[in-house]
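A short worksheet on the structure shown next.
All values below come from the heavy atoms of this structure, side chains included, with hydrogens, waters and symmetry mates left out.
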Amino acid sequence: VATTIAINGGNNQSATVNTNVATAPSVLITDQYANPVSGTSVTFAIGSGGGSLTGGAATSNASGIATVGSWKLGTASGANTLTATSTGLTGSPLTFTATATPGSAATLSLTAPGSATAGSAFSVTVTALDSYGNTATGYSGTVHFSGGGSGSPTLPGDYTFTGGDAGAHTFTNGFSLKQAGSRTITATDTLTGTITGNTSLTINPAGAATLSLTAPGSATAGSSFSATVTALDSFGNTATGYTGTVHFTGGGTGATLPAD
């Protein structure tokens with residue numbers, strides 16, 4: 001008569017996310033004298049981590065061993081568990097543990113601040129992700145940056161990920177964009193173009209560096225006309241935060257000019 005259930009094999013394995021473990025978990029059914037017992041029903045079920053199994057309803061063979069058909073780990077990296085239950089036996093339920101490891105890189109994720117000032121340096125973190133959104137810790141590709149708008153944006157040179165990066169690298173103060181507005185930065189693997197990603201941020205104008213005046217090309221003596229004064233930063237963006245006071249000069253003899 002069966003009295004005890006114990007783990008026989010297939011515990012503490014690792015496999016890539018959404019793939020089967022190499023060894024199907026199995027249990028050993030024995031009687032009170034540690035002799036194997038056949039014909040005992042065992043139910044295998046997913047405990048945690050998602051995933052799936054086949055052959056969850058198993059029966060011990062002549063060697064007292066009951067084996068699940070297969071165990072596929074979940075799509076999230078980390079711990080997965082599988083239980084084996086045989087009601088009434090000492091040791092039931094049992095728990096098998098496996099570690100799901102990330103797949104290879106499928107895309108890149110860029111994290112940047114929501115906004116930055118034109119001409120000021122900021123940092124961006126690039127993370128390689130597998131097809132399920134896990135950090136691809138083994139990524140060792142080379143990334144190339146592009147975008148950022150006009151005005152000769154400052155972008156990092158090509159960078160090859162190292163083992164120490166573990167799939168994520170921060171380019172500290174490696175970026176400086178000049179053109180105001182919504183700007184997009186893209187990172188792309190230099191060998192596999194489908195491994196790519198981008199992020200957008202708002203570039204705000206820097207402080208005013210000069211004034212630009214716009215007036216008609218000609219006007220009749222004594223007739224009024226309009227002129228527009230625009231404060232610009234050093235990159236040619238409208239300095240929207242400008243609150244200075246302007247004073248007008250010139251115009252020849254008897255000119256009528258606006259007050260400060």
Side-chain angles (χ1 to χ4, degrees), residues 17 76-77 101-215 227-248:
V17 291
S77 60
T101 58
S104 58
T107 186
L108 299 176
S109 172
L110 280 70
T111 304
S115 63
T117 300
S120 296
F122 61 91
S123 303
V124 173
T125 298
V126 179
T127 304
L129 303 176
D130 68 13
S131 55
Y132 302 103
N134 304 295
T135 299
T137 52
Y139 179 65
S140 59
T142 299
V143 297
H144 172 76
F145 294 96
S146 59
S150 63
S152 299
T154 299
L155 307 174
D158 291 0
Y159 176 79
T160 300
F161 277 64
T162 68
D165 289 322
H169 184 81
T170 298
F171 296 85
T172 304
N173 290 329
F175 297 79
S176 177
L177 308 186
K178 313 302 192 301
Q179 185 183 16
S182 179
R183 300 291 161 238
T184 298
I185 299 167
T186 300
T188 305
D189 185 282
T190 56
L191 291 180
T192 306
T194 56
I195 302 176
T196 186
N198 63 66
T199 187
S200 296
L201 71 160
T202 299
I203 300 300
N204 298 313
T210 187
L211 299 176
S212 171
L213 276 70
T214 304
T228 299
V229 179
T230 304
L232 302 177
D233 66 12
S234 57
F235 308 106
N237 303 299
T238 299
T240 52
Y242 179 65
T243 57
T245 300
V246 297
H247 173 74
F248 293 92

Kindly compute the distance separating [atom1] ([X]) from [atom2] ([Y]), expressed to the nearest 0.5 Å.
X: Ser152; Y: Leu177; atom1: OG; atom2: CG; answer: 11.5 Å
X: His144; Y: Asp189; atom1: NE2; atom2: CG; answer: 12.0 Å
X: Asn198; Y: Leu108; atom1: CG; atom2: CG; answer: 10.0 Å

For the student: nearest non-hydrogen atoms of [X] and [Y], plus distance:
X: Thr117; Y: Ile203; result: C-CG2, 4.3 Å
X: Ala136; Y: Ser104; result: CB-C, 4.2 Å
X: Leu201; Y: Ala116; result: CD1-CB, 4.1 Å
X: Phe145; Y: Pro156; result: CD1-O, 3.8 Å
X: Ala112; Y: Val124; result: CB-CG2, 3.8 Å
X: Ser115; Y: Asn204; result: CB-ND2, 3.8 Å

Are any side-chain N or O atoms of [X] and backbone N or O atoms of [Y], one a donor and one an acceptor, separated by less than 3.5 Å?
X: Asn134; Y: Ser77; result: yes
X: Thr137; Y: Gly167; result: no
X: Asn237; Y: Lys178; result: yes
X: Gln179; Y: Gly151; result: no
X: Ser123; Y: Asn173; result: yes

Donor-acceptor pair between Thr184 and Ser200 side chains, under 3.5 angstrom | yes
Do Thr188 and Thr196 have side-chain atoms, one donor and one acceptor, less than 3.5 Å apart?
-> yes
Is there side-chain contact between Phe161 and Val126, with heavy atoms separated by less than 4.5 Å?
-> yes
If we only count heavy atoms from C-beta on, is the Thr238 to Leu232 side-chain gap below 4.5 Å?
-> yes
Where does the angle between the aromatic ring planes of Phe175 and Phe122 fall among parallel (under 30°), tilted (30 to 60°) and perpendicular (over 60°)?
-> parallel
